[in-house]
Amino acid sequence: MQALQIISDEHQSLAAVLHAIRFMLKKIEAGQLKPDLELFQAMVHYLDAFAEKRHHPKEDMLFARLGQRTNEGAEAIARLGEQHAAAPQRIAALERAVTDFVAAPSRTADFVAAFQAYAEFYRAHMILEETVVLPLVRLHLTHEEWIEVDRDFRIEMAINSGKDGKAEDFSALFSRLVESAPPPLGFGAHPYNT
């Protein structure tokens, strides 16, 4: 069940980025942190390119397998499918908000509101996956299906690893985000106001 570990690891990475943005925005609003606009743009790019375009297709593949085995969880799978399909509109709203924030950093409240809406959506989305659908996947998929799913995940990850220069290397991007984020979230410079 390597696929489940991959989904879990990706959820943790996404949750870490969401937490980092939320933390930094609170510090900015409190006047304790200067906004690193390039870092926010990179984080929003990560949410788009990784979460919406790389992570969700793997889940769709896994959830489709579940749908072939049982009707149990069909409503949750349908809702998750609709949420995955709405990703372009959801991320476009967040990208507009970060673009506006970069153009006018004094308009922090608008970016905070857009990001909070995105983060709350994503939190509920991952909870639905982890508490309803993934337990059903564990229950209903056969050993043979797990072998196929794991193989399909490995193929997808190899094709899109970024190691060949054709796709973006998300592990490297995540590492850069951690290196750039201020303490205690990352290792970047300590940009707190004095």
(request) Check whether any side-chain heavy atom of L80 sits under 4.5 Å from a side-chain heavy atom of D60, and report yes or no. (result) no

(message) Rounded to the nearest 0.5 Å, what separates atom NZ in K26 from atom CD1 in I28?
(response) 13.0 Å

Run the side-chain donor-acceptor check on residues 93-107: report pairs under 3.5 Å with partners two or more places apart or on a different chain.
from, atom 1, to, atom 2, distance (Å)
T99, OG1, E95, O, 2.9
R107, NE, D110, OD2, 3.1
R107, NH2, D110, OD2, 2.7

(message) Taking atom CG as the centre, does D9 end up with more than 12 heavy-atom neighbours from other residues, nucleotides or ligands that are less than 6.0 angstrom away?
(response) yes

(message) Tell me whether the rings of Y46 and F50 are parallel (<30°), tilted (30 to 60°) or perpendicular (>60°).
(response) parallel

(message) Side-chain heavy atoms nearer than 4.5 Å, only ILVMFWY residues, links allowed to pass through others: does that put I7 and M61 together?
(response) yes

(message) So, taking the atom named CD in Q116 and the one named CD1 in I21, what distance separates them when rounded to the nearest 0.5 Å?
(response) 10.0 Å

(request) Say whether I147 and L139 are linked into one hydrophobic cluster, either directly or through other cluster members, by side-chain heavy-atom distances under 4.5 angstrom. (result) no

(message) When you compare the side chain of V44 with that of F40, does any pair of heavy atoms fall below 4.5 Å?
(response) no

(message) Using modelled atom types and a 3.5 Å cut-off, is there a donor and acceptor pairing between side-chain atoms of D36 and backbone atoms of L39?
(response) yes

(request) Spell out, as yes or no, whether a donor-acceptor pair under 3.5 Å connects the side chain of T70 to the backbone of L66. (result) no

(request) Could you tell me whether the side chain of T131 and the main chain of I127 form a donor-acceptor pair under 3.5 Å? (result) yes

(message) Counting only heavy atoms not in Q89 (residues, nucleotides, ligands), do more than 12 fall under 6.0 Å from its CD?
(response) yes

(request) Name all pairs fulfilling the ring-ring contact (aromatic ring centres under 6.0 Å, His included) condition that reach into residues 53-84, sequence neighbours left out, sorted by first residue then second. (result) H11-H55, H56-H84, H56-Y122, H56-H125, H84-H125

(request) Report the distance from atom CZ of F115 to atom CE of M24, rounding to the nearest 0.5 Å. (result) 8.5 Å

(message) So, taking the atom named OH in Y118 and the one named CG in L18, what distance separates them when rounded to the nearest 0.5 Å?
(response) 6.5 Å

(message) Do E148 and R65 make a side-chain contact, defined as non-hydrogen atoms from C-beta onward lying under 4.5 Å apart?
(response) yes

(message) So V133 and L62, do their side chains get closer than 4.5 Å, heavy atoms only?
(response) no

(message) Looking at D150 and Q2, would you say the former's side chain and the latter's main chain have a donor-acceptor pair under 3.5 Å?
(response) yes

(message) Show every salt bridge (charged side-chain N to carboxylate O under 4.0 Å, His left out) that has at least one partner inside residues 119-145, sequence neighbours left out.
(response) R22-E120, R69-E145

(message) Just verifying a value: how many Å separate E156 CD and D152 CG, rounded to the nearest 0.5 Å?
(response) 10.0 Å

(message) Between E10 and R54, does any NZ, NE, NH1 or NH2 come within less than 4.0 Å of an OD or OE carboxylate oxygen?
(response) no

(message) Could you check whether any side-chain heavy atom of L136 comes within less than 4.5 Å of a side-chain heavy atom of I77, counting everything from C-beta outward?
(response) no

(message) Return the CG to NZ distance between D48 and K53, rounded to the nearest 0.5 Å.
(response) 3.5 Å

